[in-house]
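In what follows, a single structure is set out as structure tokens and then discussed.
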Amino acid sequence: MTITSPHLGSADSWTDARLLYALEEVVEQELNRHLKVAKDWMPHEYVPFSDARNFPGIFEDGEAWEKGQSPVTDIGRIALVVNLLTEDNLPSYHHEIASLFGRDGAWGTWVHRWTAEEGRHGIVMRDYLLASRAVDPDQLEQFRMAHMSEGFESDNRHSMLHSVAYVAFQELATRISHRNTGHQSGDPVCDRMLARIATDENLHMVFYRNLLKAAFELAPDLTMQAVRDVVVNFRMPGHGMPGFERAAAQMAIGEVYNMRIHHDDVLQPVLRFLKVLEIDGLGPEGLQAQEELGFFMGGLDAEASKFDEKLAARKARMAARGA
């Protein structure tokens, strides 16, 4: 793939302000497309309120939470908490993107629309968890307070272009995490709810992916460097929550989100759609970034294969014990 669009300036001349202005028309086009295909939905329609009952507190008839009150599996419970705590930090995410993208014009309209849609995800997930008694409500609230009290600072807050590259991958990662959590949850109600959320996350990914494509046409060298940096240093936005590393390890073993899924279902689809590793006509820094990205993906694939082998061996051991 050869970049045919004219470079509207050297790499040194591209500032965040210039890129924001240059991409404004694309943002407006993508916003209009998004509003046409996105469907409004009601969180309460996905929550089994008829299963709900009082918890201890001001209600004398409150019933204490117990693990066996919900059909949700152990791995489903862990992943649901991680996914919801990630959604809970929406105020910080909004602050980050509003500061980078602005609050005016098409950029600002998108920022507020995205925030409203993401807020709906947190609402429905918390209502489901409490109504179905899938998690300990006291512990969930303690985790929320601890996580939000820490705040959130993106690794890519220094650059609008890095931020666009990051969310193109992160939105897809979130979609995959929600979808696999639903599959592993053991509860069809939970699976339907998370499938609805995953649909939104996929539309968000498409918005940012198409914006990233336009950025490649405007400033291919800088965009390639941004993609390289983001992919090599990628972290999920919930990495700072209490117990994240242990939960992430359990989710990896439970096949909700692991190295193989990250490589095959998150990084590769975006890179392949944009033909990132096939772009020609790059300058020295862009070409170096492209080569480093290719090497990293090859190494990640090899590491993922090692993980696959260990996971298969673990499954075999567990099957033998069960037999």
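Owing to the predicted nature of the structure, the values given are computational and were not obtained by experimental measurement.
Judged by distance alone, the side chains of His162 and Asp229 do bring a donor and an acceptor atom under 3.5 Å apart. Defined by atom type and a distance below 3.5 Å, a donor-acceptor pair is missing between the side-chain atoms of Ser185 and Arg77. Side chains of His183 and Glu255: a donor-acceptor N/O pair is absent below 3.5 angstrom, by distance only.
If you look at Tyr166 and Phe234, their ring centroids are closer than 6.0 Å.
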CA sep, side-chain torsions, deciding dist, call: Phe216, Asp221, side-chain contact (heavy atoms from CB on, under 4.5 Å): CA-CA 8 Å; Phe216 264 116; Asp221 291 314; over 6 Å; no
task: Evaluate side-chain contact (heavy atoms from CB on, under 4.5 Å) for Arg33 paired with Lys36, printing each intermediate quantity in order.
output: CA-CA 5 Å; Arg33 181 197 55 76; Lys36 287 181 180 178; 5.8 Å; no
message: The test is side-chain contact (heavy atoms from CB on, under 4.5 Å); show your working for Thr115 and Tyr93 and say whether it passes.
response: CA-CA 8 Å; Thr115 301; Tyr93 307 149; over 6 Å; no
message: Does Leu194 form a side-chain contact (heavy atoms from CB on, under 4.5 Å) with Ile197? I'd like the steps, not just the answer.
response: CA-CA 5 Å; Leu194 291 177; Ile197 293 175; 4.0 Å; yes
task: Start with the C-alpha distance between Ser177 and Asn83, add both sets of side-chain angles, then the distance that settles side chain to side chain donor-acceptor pair (under 3.5 Å), and finish with yes or no.
output: CA-CA 8 Å; Ser177 181; Asn83 291 353; 3.1 Å; yes
message: What verdict does the side chain to side chain donor-acceptor pair (under 3.5 Å) test give for Asp187 and Tyr128, after you've listed the backbone C-alpha separation in whole Å, the side-chain angles of each residue and the deciding distance to 0.1 Å?
response: CA-CA 11 Å; Asp187 181 7; Tyr128 165 80; 2.5 Å; yes
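Distance check: Leu293 CG to Leu300 CG gives 10.5 Å after rounding to the nearest 0.5 Å. Atom NE2 of His262 sits about 11.5 Å away from atom CD1 of Ile176, to the nearest 0.5 Å. Separation of atoms CD1 (Ile97) and CH2 (Trp107) is listed at 9.5 Å; rounding is to 0.5 Å. Here the NE2-CZ distance, from His112 to Arg103, works out to 5.5 Å after rounding to the nearest 0.5 Å. Taking CE of Met259 as the reference point, atom CG of Leu311 lies at 11.5 Å (rounded to 0.5 Å).
In this structure, Glu45 places its CD atom where more than 12 heavy-atom neighbours from other residues, nucleotides or ligands lie under 6.0 Å away. Within 6.0 Å of atom CZ in Phe295, 12 or fewer heavy atoms from other residues, nucleotides or ligands are found, so the atom counts as exposed in its surroundings. In Phe296, the CZ atom is crowded: over 12 heavy atoms of neighbouring residues, nucleotides or ligands sit closer than 6.0 Å. More than 12 non-hydrogen atoms from other residues, nucleotides or ligands lie less than 6.0 angstrom from CD of Glu117. At most 12 non-hydrogen atoms from other residues, nucleotides or ligands lie less than 6.0 angstrom from CG of Asp104.
Residues Val227 and Leu212 form a side-chain contact, since some pair of their non-hydrogen atoms from C-beta on lies under 4.5 Å apart. Taking the side chain as every heavy atom from C-beta outward, Pro137 and Glu141 never approach each other to under 4.5 Å. Asp155 has its side chain out of reach of Asn233: every pair of non-hydrogen atoms, C-beta onward, lies at least 4.5 Å apart. With a 4.5 Å cut-off on side-chain heavy atoms, Pro284 and Gln288 do not count as touching. Within the 4.5 Å cutoff, the side chain of Met205 has no heavy atoms near those of the Arg175 side chain. Within the 4.5 Å cutoff, side-chain heavy atoms of Glu217 are placed close to those of Lys213. Contact annotation: the side chain of Met148 approaches that of Pro91 to within less than 4.5 Å [non-hydrogen atoms, C-beta and beyond]. Considering only heavy atoms from C-beta on, Glu25 comes within 4.5 Å of Gln29 through its side chain.
The two residues Ala22 and Leu218 have their closest heavy-atom pair at CB-CD1, 3.7 Å. Heavy-atom minimum distance, Leu84 versus Met125: N-CE, 3.6 Å. Pro48 approaches Ser132 most closely through the heavy-atom pair CG-CB, 4.4 Å. A pairwise comparison of heavy atoms in Met224 and Gly286 identifies CG-O, 3.3 Å as the closest pair. Residue Leu172 comes nearest to Val266 through the heavy atom pair CD2-O, 3.5 Å, listed as atom of the first residue, atom of the second, then distance. For the pair Ala173 and Tyr257, the tightest heavy-atom approach, listed with the atom from each and the gap, is CB-OH, 3.4 Å.
Between the side chain of Gln170 and the main chain of Met236, no donor-acceptor pair closer than 3.5 Å is present. Side-chain atoms of Trp14 never come within 3.5 Å of backbone atoms of Leu222 as a donor-acceptor pair (strictly under, hydrogens ignored). Between the side chain of Ser163 and the main chain of Leu100, no donor-acceptor pair closer than 3.5 Å is present. Formation of a donor-acceptor pair under 3.5 Å by the Asn89 side chain with backbone atoms of Ser92 is not found in this model. Side-chain atoms of Asn202 do not come within 3.5 Å of backbone N or O of Ala198 as any donor-acceptor pair. Under the 3.5 Å distance criterion, the side-chain polar atoms of Asp51 are left unmatched by any main-chain donor or acceptor of Ala131. Although no hydrogens or angles enter the test, the distance criterion places no donor-acceptor pair under 3.5 Å between the side chain of Glu24 and the main chain of Gly105. Judged by distance alone, the side chain of Asn54 and the main-chain N or O of Gly62 form no donor-acceptor pair under 3.5 Å.
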For residues 237-251, which side-chain N or O atoms pair as donor and acceptor with protein atoms under 3.5 Å away, sequence neighbours left out?
from: His239; atom 1: NE2; to: Arg235; atom 2: NH2; distance (Å): 3.4

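Both Phe207 and Leu20 are assigned to one and the same hydrophobic cluster, defined by single-linkage of ILVMFWY side chains at heavy-atom distances under 4.5 Å. Residue Phe273 is grouped with residue Val167 when hydrophobic side chains (ILVMFWY) are merged at heavy-atom distances under 4.5 angstrom, including chains of intermediate members. Residues Leu203 and Tyr46 do not share a hydrophobic cluster, defined by chaining ILVMFWY side chains whose heavy atoms lie under 4.5 Å apart.
When each of Glu292, Glu291, Glu285 is tested with Arg228 by the rule salt bridge (Lys or Arg N to Asp or Glu O under 4.0 Å), just one qualifies, namely Glu292.
Ring geometry for Trp41 against His121 counts as parallel: the plane angle stays under 30°, on a 0 to 90° scale with 60° as the upper cut.
Remark: Arg53 pairs with Glu63, Gln69, Arg133 by the side chain to side chain contact (heavy atoms under 4.5 Å, CB included) rule, at least two apart or across chains. Partners of Arg314 under the side chain to side chain donor-acceptor pair (under 3.5 Å) rule, at least two apart in sequence or in another chain, do not exist in this structure.
Ion pairing between Arg179 and Asp191 holds under the 4.0 Å rule for side-chain N and carboxylate O.
Annotation: cation-pi pair Arg113/Trp110 absent, no NZ/CZ under 6.0 Å from the ring centroid and within 45° of its normal. The cationic group of Arg260 does not satisfy the cation-pi geometry with Phe307, failing either the under 6.0 Å distance to the six-membered ring centre or the 45° limit from the ring axis.
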